[in-house]
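Residue numbers begin at 1 in each chain, while the letters A, B, ... track the order of the sequences. Side chains included, hydrogens not; waters and symmetry mates left out as well; all remaining heavy atoms used.
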2 protein chains.
Amino acid sequence: MPYPAKISVADIQRAALRILEDQGLEALSMRPLAEALGVRASSLYRHVAHREALLSLLSEEAAVQLRGALEGAAVSEAPGRPALEALSRAFLAFAQRRPQLYALMHLPRPPESGAGESQRLWQFVLGRVSRASGLPDDTAGTVALWAFLHGYVELERSGLFGLSGPAGGFERGLEALSGRHGLGVVPPRPESAG
Amino acid sequence: MPYPAKISVADIQRAALRILEDQGLEALSMRPLAEALGVRASSLYRHVAHREALLSLLSEEAAVQLRGALEGAAVSEAPGRPALEALSRAFLAFAQRRPQLYALMHLPRPPESGAGESQRLWQFVLGRVSRASGLPDDTAGTVALWAFLHGYVELERSGLFGLSGPAGGFERGLEALSGRHGLGVVPPRPESAG
DNA sequence: GTCTATAGCAGGATAGAC
DNA sequence: GTCTATCCTGCTATAGAC
């Protein structure tokens, strides 16, 4: 009775995620993945079309999880600069905590393929930045902040500022970008509040 | 008389560079590289120890060329904000013009291996940023600016802001980072000058 | 210094039995 | 839906003749 299914797409995704984070993208090949699931490699092709499709799945998952992390950090809804700082630190923390999953999001990918969750993520950040800057649809501000955050993550990962260390560069960039001459609007700062 | 050498390390480097830019890193394997040089793959190992060593060579070359591009752009020696803008635009132009070579610089690489040219590049940018900010050794400022530039390049390449386009995000970030509340010192602005 | 030949490995993917 | 068996392609790298 080998007929009841041993694995599902969700199983595959879970196992793939684990291999990805533990051993990196290169190690995520069909045979070890199948082995982790107690199954032969050829069986995987009943559930996913090919490896690329699997990576697309994971890329979507990455966008979902990052958005989740950002939403979680934005609970303290103080608008303006503090909100952008909280958002930024959550972004950095996520990228540091799940480097492989984060990196997967940025693989060159066919333009429209599953851009769904990636778009939702973008929209979320756009909303936060726009609220902070006071501009109705602050795409430029979002691009600027996002570029800084992503670049910082990448440089740290690649070890480019290895010798000196970041040396406060994160705070410096954040200050410049989220300060009132960057993106931030002057926070309300009601005098009656504690 | 097959004894006179048909190829040199410089030849290999040149051919590799060409393949890299034309077809990407994946396509840069020993067999096609050898073929481009009119030689068998095994012959390459007389000149380079292995593929990794070749990539290190190219990585160094990338740092040299990027530094060259930045130096070239910094000829108009107006200090302060305009200098940082010129530097930044040259950085962006280089990364866009030679995307594969640029990307090669950021591969995770053994810490000290050939960090020579990479270090010289860093020192050069550090010098420019420090001059602009007026701080003696503005590592934080350099990290912040570099992170922004690199992140912008990477996001553009990966197509993450595909739908909206960058929408002026480069200028926005540059303004925030190089403006007087970012890195830039108030430029001398002598009242007597035109 | 270059050649032929080959070892050795790993990967994605398919055919067809059960 | 999973299995066994297998194809095919690609890669780095080495041995040994000339």
Let me know the distance between [atom1] of [X] and [atom2] of [N], rounded to the nearest Å.
| X | N | atom1 | atom2 | answer |
| --- | --- | --- | --- | --- |
| A:Glu26 | D:dG10 | CD | C1' | 14 Å |
| A:Leu37 | D:dC3 | CG | C1' | 16 Å |
| A:Leu54 | C:dG11 | CG | P | 14 Å |
| A:Lys6 | C:dC18 | NZ | C1' | 14 Å |
| B:Leu33 | D:dG10 | CG | C1' | 16 Å |
| A:Leu25 | C:dA10 | CG | P | 18 Å |
| A:Met30 | D:dT6 | CE | C1' | 17 Å |
| A:Arg31 | D:dC3 | CZ | C1' | 15 Å |

Between C:dA13, D:dG1, C:dT2, which nucleotide gets closest to the side-chain atoms of A:Ala5? D:dG1
Ignoring the backbone of A:Arg40, work out which of C:dC3, D:dT2, D:dC3 is nearest its side chain. D:dC3
Taking only heavy atoms on the protein side, list every residue of residues 14-21 of chain B lying under 4.0 Å from any atom of DNA chain D, sorted numerically.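 DNA chain D contact set from residues 14-21 of chain B: none.
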Hey, is the main chain of A:Leu126 close enough, under 3.5 Å, to the side chain of A:Ser130 for a donor-acceptor pair? yes
Please test B:Arg120 against B:Glu117 for salt bridge (charged side-chain N to carboxylate O under 4.0 Å, His left out), starting from the C-alpha separation and ending with a verdict. CA-CA 5 Å; B:Arg120 291 189 66 184; B:Glu117 288 301 337; 3.8 Å; yes
Mapping B:Ser8 and A:Ala27 to their closest nucleotides on DNA chain C, which lands nearer the 5' end?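 Per heavy-atom nearest nucleotide, the more 5' residue is B:Ser8.
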If you assign B:Gly38 and A:Ser29 each to the DNA chain C nucleotide with the nearest heavy atom, which residue ends up on the more 5' nucleotide? B:Gly38
Quick check: do [X] and [Y] have side-chain heavy atoms less than 4.5 Å from each other?
| X | Y | answer |
| --- | --- | --- |
| B:Asp11 | B:Val9 | no |
| A:Gln100 | A:Leu28 | no |
| B:Tyr102 | B:Phe91 | yes |

Would you mind checking if [Y] and [X] are paired as a salt bridge, meaning a charged N to carboxylate O distance below 4.0 Å?
| X | Y | answer |
| --- | --- | --- |
| A:Arg89 | A:Glu171 | yes |
| B:Asp138 | A:Arg172 | yes |
| B:Glu71 | B:Arg67 | yes |

List the residues meeting ring-ring contact (aromatic ring centres under 6.0 Å, His included) with B:Phe124, not counting sequence neighbours, and say none if there are none.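 B:Phe124 satisfies ring-ring contact (aromatic ring centres under 6.0 Å, His included) with no other residue.
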What residues from residues 42-51 of chain B pass a heavy-atom cutoff of under 4.0 Å to DNA chain C?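 Listed by number, they are B:Ser42, B:Ser43, B:Arg46, B:His47.
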